[in-house]
Amino acid sequence: MFDLNALNPMQRKAAETLEGPVLILAGAGSGKTRALTYRIANLIAHGIPPYAILALTFTNKAAKEMKNRIEQLIGSEVTDMWVGTFHSICVRILRRDIEKIGYSRSFTIYDEDDSVKVCRESLKELDIDDKTLPPKEVRRYISDAKNKMLTADEWFAKGPKDYRCQRIHDVFVRYEAKLKNANALDFDDLLFKTLQLFVDHPPVLDYYRRKFKYIHVDEYQDTNQTQYQLVRLLSMTNRNLCVVGDDDQSIYGWRGADIHNILDFEKDYPEAAVIKLEQNYRSTANILDAANQVIAHNSGRKEKTLWTETAPGESILLFRAGDEREEAAWVCERVKQLHEKQYAYSDIAVLYRTHAQSRVLEEMLTRAGIPYKTFGGPRFYDRKEIKDILAYLRLLVNHDDNVSLERIINTPRRSIGDSTVDALREHALMLHQSLYDSVRTPPESLSSRPRKCIQDFYTLMEGLEKERNGMPLGDFMQLVVDKTGLISQFKGETSEENLERIQNMKEFIGAARQFANESEEPTLEAFLENVALVTDLDREGEAPQYLTLMTLHSAKGLEYRAVFIAGLEEGLFPNNRSASDPERLEEERRLCYVGITRAKERLFLSYAKRRNLYNEIMHNERSRFLREIPDRLLLDQWTGVHDRALAASTPAWKRETPPRMDFPKARKPNLSFGTPGMKQKGVLNIPGVTKGFVPSKVREAENGTLKMLFSPGDSVLHRKFGEGKVLEVFGNGSDARIRIFFTAYGEKIFSLSMAPIVKIETH
DNA sequence: GAATAAATTGTTTTT
DNA sequence: CAATTTATTC
């Protein structure tokens, strides 16, 4: 049995306040999951049956972890407790009762891609130019509206009545009709329709109200209005609602999360017990100090001060890079060093604001031979070949799923062209039937050849459907892939890309087999649902010996012994688009706070003077967030000192781009450029290097003794190549050379008098 | 209808 | 700049 004494007083209070509304304000790393799991275990210990407990989380991973930890505490399996994301819980509710609001139970979940496709189709049918009104934008409007619980008409009634909004409204209406016809729900619908079900069918709501006597919401600061309403409805009668969150970590405002949900909780529930978890168990004092200093610049926060008993720890290391490549090289070098000092790669994460930043980092890491894994890029399930298989499966489950049908009717190629599909679509529209119905009974207007092709396709689908019964999921998927020719379409081709596709499909079938083995409900329907709601971040069991590369957003809820935050520049982070709006700027700051508080022991910050992003060269100031961290906490990588005033007294060549001077072209090979695999173009374009350096006076004077300054084993910092180790120093006078090994670039030889290097560590 | 060339476009974050 | 969409040609 578990022991509540293992908790600190505040955590304990949280775990023991079982009745009535409770607001747990939990700072980063304050053990909120711990408090929450103990609370739920405590409920069970008090005789509350698990089926009366509902716990809503932000990610599937968090749900899984919570369930595991509760089971560990009470020492037995919990099966009847509802723990999951809002979306998955809503699907569960809808699968039971969605027929009451006019859908079939076998509804399909449309992902963003599918939604955009439906928008595009709607625009086309309404004869609206998709250049004046891009499908993606319309989808955003629709999504925003649904997050605010607005139907198409309500949305229009609230907003401006200009031409543009009228058209958006038209598309919105058509979009909704299309989804309804296809028996499909988009992501936002999962929440919205559940709400509608509750409102329109009080007995259903009543059932869940009686069932869920104790409701928990994790990451409450990231709930949107629909979620808020759902929770409110469910908890209204018994008022046993426990929400956990941190207003300082609200970072999803852009997709409809409403920070006021947490800020105003006490207004909604005046009798609420408010418990603050303020002791941080994760980070060193220095890191926590920095985080506190940054977040203190926000206004309208809940009163809260994080503190820790741990030692100050190492200083936060700050690096100003010349450009993004230098920044990446620095990261690689530090990672290697950490790795030598008993840090596993899985203890380290590199965080950035946008995915676009990951490319250079990945390139350098590969060169440095550091294994890494990126998260949050395109999902595995979003790959074309996977979506093709999924489309077949979805169509088999839901014949009305027009989007899936259109995707696969000619994939792999079976000679059904656009004009044929157009004819089918028109036919379906006229008879008010689904596309699949039109495939079953093609219109008379079609000539015999396309008719035959359509017939063959229908026969194929019918055959699959017959075989599905009684067949295990994995076997059936294998069958689908074989019969449809999804794999054999690549047979004979040996291109890298196609081999990878085949590999992915096989992996996908493997994933299905695994799902069938582990799941309580190994059906195709359940598998499709899982695929729709699970992200890569949730896929567990990924090899742990990898360095993690991800956006600051995806890092929420995670922790690492060492954390890098790259690209701390005005315009990038905080992002340009947030600069004008103070509220969005505060959200950026919260994002920074989230990033800093991911670190347990070491924090590394970097920014680049010059950055090539989106094919533009930007010269950005260092981020304001860096200024918000006191100097005493920051150690400058260049100068090795804390005080920035000292940084100004370092030799000019170390601080600024040197004056430009044209080098003779023959000079280039001496600098041993052209690392294998490096695009020549890229090398020529690096300013300041190909243009050459002007040696400083200080260095000229030192020339005679320079050789003694460097010896093998020393760590040096090169203006362009970043950090490296000295291998050898040879030659005399002005011919003196130095051979250095750089993590990301390999061996280079420089003229000792010319090379822009500084020693940072003696061997 | 398919393969290739040309043009366009997007780049914040994602359950 | 790269990746995707669209136009062109066979």
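Since the structure is predicted, the reported quantities are computational estimates derived from the model, not experimental observations. A note on names: the letters A, B, ... follow the listed sequences, proteins ahead of strands, and every chain is numbered from 1.
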Options B:dT13, C:dA2, B:dA2, nucleotide nearest the side-chain atoms of A:Arg359: C:dA2

Interatomic distance, A:Tyr352 OH vs B:dT13 C1' [rounded to whole Å]: 12 Å

Nearest whole angstrom, please: distance from the P of B:dT14 to the CZ of A:Arg140. 13 Å

I'd like to know whether A:Tyr593 forms a side chain to side chain donor-acceptor pair (under 3.5 Å) with A:Gln249, so could you lay out the CA-CA distance, the side-chain angles of the two residues, the decisive distance to 0.1 Å, and finally the verdict. CA-CA 7 Å; A:Tyr593 174 77; A:Gln249 291 186 67; 5.5 Å; no

List the steps and the verdict of side-chain contact (heavy atoms from CB on, under 4.5 Å) for A:Arg353 and A:His553. CA-CA 8 Å; A:Arg353 180 67 235 269; A:His553 280 90; 3.5 Å; yes

Check the distance between B:dT13's P and A:Glu112's CD and give it to me in whole angstrom. 11 Å

With no hydrogens and no angle check, is any side-chain donor or acceptor of A:Arg590 less than 3.5 Å from a backbone partner on A:Ser250? yes

Write down the distance separating the C1' atoms in C:dT5 and B:dT12, rounded off to the nearest Å. 23 Å

Round to the nearest Å and state the distance from A:Asp114 atom CG to B:dT14 atom P. 19 Å

Taking A:Thr85 as the fixed residue, which of A:Leu56, A:Thr57, A:Val534 is the one that meets the side chain to side chain contact (heavy atoms under 4.5 Å, CB included) rule? A:Thr57

Would you say B:dT14 has OP1 or OP2 under 4.0 Å from some side-chain N or O of A:Ser554? yes

A:Arg120 CZ to C:dT5 P, in whole Å, measures 7 Å

Would you indicate what A:Ser88 reaches in the nucleic acid, counting non-hydrogen atoms under 4.0 angstrom: base, sugar-phosphate, or nothing? nothing

Residue A:Arg255, side-chain heavy atoms: nucleotide from B:dT12, B:dT14, B:dA2 that is nearest: B:dT14

Is the A:Tyr381 to A:Phe527 ring centre distance short of 6.0 Å? no

For the pair made of CD1 in A:Ile89 and C1' in B:dT15, what is the distance, rounded to whole Å? 14 Å

Report the nucleotide, chosen from B:dT12, B:dT14, B:dT15, that has the shortest atom-to-atom distance to any side-chain atom of A:Asn575. B:dT12

Protein-nucleotide distance (A:Arg589, atom CZ; B:dT13, atom C1'), rounded to Å: 18 Å

Looking at B:dT14, does its base get a donor-acceptor pair with the side chain of A:His553 below 3.5 Å? no

Roughly how many Å is it from CZ in A:Phe187 to C1' in B:dT14, rounded to a whole number? 9 Å

Exactly one of A:Asp388, A:Asp114, A:Asp113, A:Asn402 clears side chain to side chain donor-acceptor pair (under 3.5 Å) with A:Arg407, and that residue is A:Asp388

Using a cut-off of less than 4.0 Å, is there contact between a side-chain N or O of A:Thr551 and OP1 or OP2 of B:dT12? no

Closest of B:dA2, B:dT12, C:dA2 to the A:Asn410 side chain is B:dA2

Is any side-chain nitrogen or oxygen of A:His355 closer than 4.0 Å to OP1 or OP2 of B:dT14? yes

From B:dT14, B:dA2, B:dT13, nucleotide with atom closest to A:Arg353 side chain: B:dT13

So which one's nearest nucleotide on DNA chain B is more toward 5', A:Arg139 or A:Ile416? A:Ile416

Tell me whether A:Trp254 and B:dT13 count as stacked here, given that the ring centres must be under 5.5 Å apart and the planes must differ by less than 30 degrees. yes

Heavy atoms only, 4.0 Å cut-off, all strands: where does A:Lys136 land among base, sugar-phosphate and nothing? sugar-phosphate

On DNA chain B, nearest-nucleotide positions of A:Gly417 versus A:Arg584: which is more 5'? A:Gly417

